[in-house]
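The next block holds one structure in the form of structure tokens; read it before the comments.
Computed from a predicted model, the values in this text were never measured in an experiment.
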Amino acid sequence: MGLADALDRLRRPFEGPNTLGNGRAFWVGFLVVLVGLVGYPIGFGSYAASSAALYLLYAILALSLTVIWGYTGILSFGQVAFFGVAGYSFALLSMNLESALTTMLALPVAVGIAALAALVLGYFMFYGEVRDVYVTILTLVVALVLNTFMAQTAGSEWTVGSVALGGFNGIPAIPSLTFGVGETAITLDGAAFYWFTLAALVASYLGLRALVNGRFGYAMVATREDEDRTEMLGYDVRRVKLLVFVLGGALAGLSGVLYATWGNYISPSVFGITFASIPVVWVAVGGRRSLLGAVVATVVIEWFRQQLSATGSQYALIVVGVVLLASILFVPEGVVPRLDAAIRGARDRFGASNDAPEGTPE
Amino acid sequence: MNALNLLFQFADNFAFVVLAAVGLAVIFGMMGVINLGHGEFIMIGAYGTTLSANAGAPLPVAMAIGVLVTAVMGLILERTIIHRLYDRLFDSMVATWALGLILTQGMRILFGNSIPQVSTPLGNIAYGEFSYSTYRVLLLPVALLVLGGLYVLFTRTEFGIRARATIQDPDTARALGVDTDRMYTATFVIGSALAGLTGALYAPTLTVVPGMGSSFLVEAFVAVVVGGPSVLLGTTLSGGLLGTIDAVFTNLFGTFYGQIAMLLTAIVVIRVLSDGLTGLVETVRNRVEGE
Amino acid sequence: MSGKRSGLSRRSFLATGGAIGGAALAGCLTGGGSGEETVKLGIIEDRSGNFALNGTPKYNASMLAIEELNEEGGILGNEIETFAPDPQSDNQRYQQLTRQAINEENVDALWAGYSSATRETIRPIIDQNEQLYFYTTQYEGGVCDSYTFCMGATARQQLGSVLPYMVENFGTDIYTIAADYNFGQLSADWVRVLADENDANVIGEEFIPLSVTDFGSTINNIQDADPDFVMALLVGANHTSFWNQRTSAGLDVPMGTSTVMAQGYQHKRLDPPAMANVYGGFNYMEEIPTDRNQEFVSRYYEKFPDAAYINEEAVNNYFSIKMYARAAEAVGSTNQADIIEELEKGMDVSAPEGDISLQGPVHHMTHNMRVFRCDEDHTITVEDEQQISEQFLSETVGCNLRENEETTQYVPADYYEEADATQE
Amino acid sequence: MPPVLDCEGVSAAYDSTLVLRDVDLTVEDGEIVGVMGKNGAGKSTLMKTIIGLLEPASGVVRYEGTDLAGTTADERANAGIGYIPQGRDVFPDLTVEENLLVGEGVNRDRERDLYDAVYDYFPILDERRTQKAGTMSGGQQQMLAIGRALVGNPDLLLLDEHSEGVQPSIVEEISENLRELNAELGTTVLFVEQNLGAIQDMADRCYAMERGRIVDEVGPEELQDEDAIASYLAV
């Protein structure tokens with residue numbers, strides 16, 4: 001039992017009322033799925049791994065929105081702004097200083113730039129008393145400004161160092177992530193990139209679980225539920241919102257860097273209204289108050305969209321629209337929380353005596 | 001720079017901003033629903049107009065049909081989908097986004113990638129070596145007429161007053177005998193009809209294709225944000241401000257700078273005036289009245 | 001409806017029969033094994049989203065070419081299979097689908113993409129996988145890539161046919177309006193280079209963001225500059241609004257173009273006289289009056305009775321698929337390196353536009369370029385016709401893919417003073 | 001003739017918390033009946049249940065003998081019930097005049113509007129016709145809320161704590177006006193209140209409410225005995 005106790009202690013920081021999936025059964029399932037995901041490239045090859053890597057890196061973007069929107073109640077329609085800023089920053093840094101060492105450095109620097117952008121915008125909004133839905137529209141407008149601006153940088157005067165911004169065409173041939181120097185350098189592509197992305201996603205997921213179930217997490221949820229009351233309880237609501245916004249910006253930035261290296265390419269369309277809407281869709285469908293929901297919904301929706309597109313059917317986009325509408329109308333709390341409730345319900349009915357202690361939150 | 005050029009370009013831009021935004025502003029300002037399918041509603045209005053004109057209807061009749069079609073579509077969508085989402089702002093955004101997707105692709109499947117376009121009526125106004133499309137210039141008085149009409153509707157008619165009461169406090173309004181469901185439906189239909197009108201008015205001068213809605217979206221959102229909560233005053237003021245900025249910057253530095261200047265204005269206005277231009281006007285008015 | 005359907009199934013039955021016969025024959029000739037080889041072509045063209053208008057004819061023409069080949073017994077006796085998804089005008093999806101086509105579907109050759117942005121998005125994947133790739137849109141030019149064959153006319157070819165004609169007929173003062181992105185910028189560079197070569201001047205230039213739909217100020221600017229003609233290098237649905245607006249504003253300067261009509265068939269979609277006095281330099285328009293073309297046009301509409309137009313790109317897909325088939329037959333396999341080597345020898349092609357030829361060392365076509373005029377009633381007439389070869393890579397840059405492996409795109413600014421906007 | 005209002009075994013809940021339990025209550029034509037109780041006793045919930053903003057979990061509400069089950073708040077208002085919500089629930093961005101106009105939805109079958117009477121009772125509303133309601137004082141807003149429910153000449157007036165946040169002199173004035181109105185027009189009034197003075201000034205008789213139940217009925221004589229009723233109101 002010593003091992004089980006140790007494991008129980010290990011999972012404690014990641015559990016609490018703010019996340020789904022508490023209890024031993026969940027973590028056993030989590031480990032099984034994780035092992036399956038780690039083994040996926042071995043079973044299905046490097047092409048399958050590289051397609052799956054795209055969905056996993058998108059899931060990080062979805063997590064960034066979940067923590068801002070679902071847990072703190074601020075709908076940022078412009079998460080893609082930080083995603084794109086980091087992607088462009090990474091491209092400019094790594095291409096200007098092309099060596100293995102620099103892509104190692106460019107990753108954290110680009111994420112830092114995204115976080116900084118979030119800090120500036122967040123300060124601007126939350127300390128400027130921009131409220132509610134106006135935050136949503138303002139973040140969208142910021143993304144659209146970047147879209148308009150970057151799309152016009154086709155001329156040769158728009159060159160940063162040796163790299164042309166490329167306007168509407170974007171920047172091609174962005175180097176892949178490389179770790180190490182010289183002979184020993186490892187370039188992350190195919191399965192290796194997949195594993196790196198998976199590790200980043202799992203780390204983000206667990207980190208956010210610990211965050212939202214900790215003291216700061218309660219402040220976030222309290223802010224979402226009632227700003228005035230939270231303020232009266234002695235929290236600096238503006239600071240809470242700003243910190244969460246910066247964290248979200250950094251995560252979106254991480255996702256953006258991974259995106260730029262996945263396809264070795266970035267273009268202004270990442271700032272466009274279509275791409276800006278997609279994270280909102282993932283999170284709304286998955287269940288905006290569930291980290292797991294965001295991840296699952298992102299992977300499933302993107303896989304589904306890709307499959308539909310590969311059929312070449314003209315009804316593909318209509319099917320996507322109808323599925324989204326249906327999920328909003330019939331599963332308003334999100335698909336994953338609904339499933340969670342269904343599983344609990346079934347367990348209560350059939351197997352309550354077996355593992356009742358595990359189902360209940362502490 | 002020619003002063004008449006600038007004047008006409010301002011008229012053109014003002015009309016575009018106002019007409020792009022007004023349907024969105026009514027639905028957002030009165031009901032708190034952000035209609036991400038707004039551009040597609042405009043597209044439906046343009047399709048209704050162009051298809052009717054191609055079938056032989058005179059242009060004004062075709063435009064009326066375009067408005068009607070969009071209004072009816074708004075009615076159906078409100079009764080089936082939107083009315084379930086009134087207290088769920090964010091879900092309504094996802095739902096309207098999905099509707100936009102369906103409408104765009106649906107029109108593509110039904111009518112192909114393009115339909116034969118109608119030409120712009122009314123010729124041009126020539127002055128010196130310059131000339132300007134009469135139709136485009138006339139959109140300014142039309143935009144003003146629309147704003148005036150809405151002003152009368154929402155402040156001078158029983159319907160408008162009840163609708164505003166419903167927005168401010170739906171429970172109390174209901175307890176005073178207002179059928180609030182009908183108010184919401186009617187407001188949504190009016191917003192849809194306005195989007196349809198925009199589509200109808202621009203059908204002879206823009207390219208009518210399934211994806212055309214996106215070209216209105218940026219201006220519409222920017223105008224709503226800059227305008228602030230009061231629908232009519234806000235839309236008028238932001239039309240004026242953004243129209244001027246666009247005309248001046250486009251003339252001085254080119255189209256790209258016109259667009260960027262507009263977007264930056266939006267950001268600055270939001271930062272400085274959290275309630276948009278309406279908020280500014282209210283503050284000034286209160287200060288004047290206070291003295 | 002039912003009659004048509006049975007006709008189709010009979011045809012596909014015949015095609016299958018032919019394929020089996022051909023396969024048996026191929027098996028005899030090459031001696032076992034290879035008869036079971038399949039031929040799979042990737043056709044990734046937009047049928048929804050922003051570029052559906054341009055992509056749909058490309059898809060249709062590809063299907064027509066493949067159906068015709070299959071009726072004649074396929075390639076190397078094998079019926080041609082296709083992987084034909086809809087990338088929905090989304091470049092990120094193009095990347096995914098290109099990877100899928102190469103790594104999972106194992107296509108033998110790939111046709112993909114309308115815009116230059118799309119091509120540049122997927123070219124790294126193409127090059128990494130050494131995938132034989134045909135890009136068929138008319139484009140800015142300069143791509144010198146060992147795995148990419150650019151089948152469309154380049155800006156220099158298109159503008160090289162229409163610009164001298166305009167100078168000769170209307171005068172030497174040119175005003176350029178161009179889409180503000182890579183293609184438009186480079187095309188405007190070419191206008192400057194060609195103006196210089198033809199002793200003309202560019203007296204004004206304006207780049208218009210792709211999102212712009214309102215051309216009031218642009219029209220005023222043109223009137224202010226008072227040029228002899230305008231070069232209109234506009235792109236996309238939003239820019240199509242320009243034509244109605246210039247007509248209703250009464251701007252009647254003649255206009256030359258390399259982009260409109262042949263791609264987006266504006267003369268069919270807009271009410272006359274929106275496109276009156278527009279002159280385009282293209283390798284193809286559906287209206288080319290030759291018997292060969294008219295016969296092709298009727299085959300196309302027989303298969304796609306509801307289709308809107310056959311654009312320039314569609315025809316490029318059509319002839320290049322046929323060209324690929326001939327190269328594969330000549331090599332005797334679908335080995336991509338061998339086929340590339342075969343194509344690099346050059347090839348004469350009988351295309352709907354006329355007899356043209358592949359310039360092997362640069363992977364581009366010598367096109368039969370025509371100047372088309374659109375009149376008040378939107379009737380298209382051919383004003384001028386000449387063979388124009390790809391010159392920038394072959395003569396100015398000195399690209400030779402037969403000898404050197406390369407994956408570069410060259411730009412005119414590095415070779416012509418006139419093209420370098422930063423010099424002004 | 002049936003009573004104007006008749007509640008029988010009415011229970012109501014927010015989410016799943018029962019707030020009203022088995023309430024029986026009758027109001028005869030022309031009466032002014034009070035319901036007194038402390039904060040949180042369920043008084044406002046009772047009003048909302050009667051007007052139809054809240055569906056009862058069980059029980060029957062009858063208006064002039066008809067069961068109201070299944071009718072919405074606006075239909076009840078149209079049928080002649082005028083509701084005055086708690087606090088300053090006027091429409092703040094509408095002018096005084098516009099607020100009154102919304103009140104025309106009450107009692108659709110009336111023979112005449114009562115604008116004259118309203119302006120007569122509350123002259124301040126006449127003076128401030130074009131002023132935005134949100135900019136007026138608490139007492140004025142309360143008058144407006146009452147006037148708004150009155151213009152349609154309702155048969156039954158539901159009044160939810162008109163004394164709250166209003167200075168005593170104005171409460172008195174309002175109470176007086178309502179009595180006068182009741183005498184002149186015969187309007188039946190049901191009001192809930194925790195202000196002793198207001199109850200004594202207005203009510204013909206009164207119910208006492210505690211934790212969602214009616215615990216007592218107080219007749220006209222007992223109403224004058226401050227100590228007797230204060231026990232129901234003590235905090």
Worksheet item: Is atom OH of Y123(A) surrounded by more than 12 heavy atoms (other residues, nucleotides or ligands) closer than 6.0 Å?
Response: no
Fill in: Heavy-atom neighbours of F304(A) CZ exceed 12 at 6.0 Å
yes
Item to complete: Please assess V322(A) against I102(B) for the test side chain to side chain contact (heavy atoms under 4.5 Å, CB included), listing each intermediate value before the final yes or no.
Response: CA-CA 7 Å; V322(A) 169; I102(B) 294 170; 3.8 Å; yes
Practice prompt. Could you have a look at I81(B), L103(B), V222(B) and say which one has the most heavy-atom pairs with chain A under 4.5 angstrom?
Written response: I81(B)
Worksheet item: Do the side chains of M93(B) and T136(A) get nearer than 4.5 Å, heavy atoms only?
Response: yes
Worksheet item: Rounded to the nearest 0.5 Å, how far apart are CZ of F221(B) and CG of L144(A)?
Response: 8.5 Å
Worksheet item: What's the shortest heavy-atom distance between A98(B) and G321(A), and which atoms?
Response: CB-O, 3.5 Å
Discussion item. Test side chain to side chain contact (heavy atoms under 4.5 Å, CB included) on Q105(B) and V320(A); report intermediate values, then the result.
Written reply: CA-CA 11 Å; Q105(B) 187 63 12; V320(A) 171; over 6 Å; no
Worksheet item: Picking from V285(A), L140(A), L325(A), V319(A), which has the most non-hydrogen pairs under 4.5 angstrom with chain B?
Response: L325(A)
Worksheet entry | More than 12 heavy atoms from other groups under 6.0 Å of OH on Y257(B) | no
Discussion item. Can you tell me how far apart CD1 (I318(A)) and CG (L101(B)) are? Round to the nearest 0.5 Å.
Written reply: 8.5 Å
Discussion item. Can you tell me which portion of S327(A) sits under 4.5 Å from chain B's heavy atoms? Options are side chain, backbone, both or neither.
Written reply: neither
Worksheet entry | Part of residues 62-81 of chain A lying next to chain B, heavy-atom separation under 4.5 Å | W69(A), L75(A), F77(A)
Discussion item. Using a 4.5 angstrom heavy-atom cutoff, name the option from V94(B), I109(B), V224(B) with the most pairs to chain A.
Written reply: I109(B)
Worksheet item: Counting heavy-atom pairs under 4.5 Å to chain B, which of T148(A), N147(A), I273(A) comes out on top?
Response: T148(A)
Practice prompt. Flag yes if more than 12 heavy atoms outside F249(B) fall under 6.0 Å of its CZ atom; otherwise flag no.
Written response: no
Discussion item. Does any part of the side chain of V280(A), heavy atoms only, come nearer than 4.5 Å to the side chain of W97(B), both counted from C-beta?
Written reply: no
Worksheet item: Hey, is CZ on R79(B) packed in by over 12 heavy atoms from elsewhere, all under 6.0 Å?
Response: yes
Worksheet item: Do L85(B) and L329(A) come close enough that some side-chain heavy atom pair is under 4.5 Å?
Response: yes
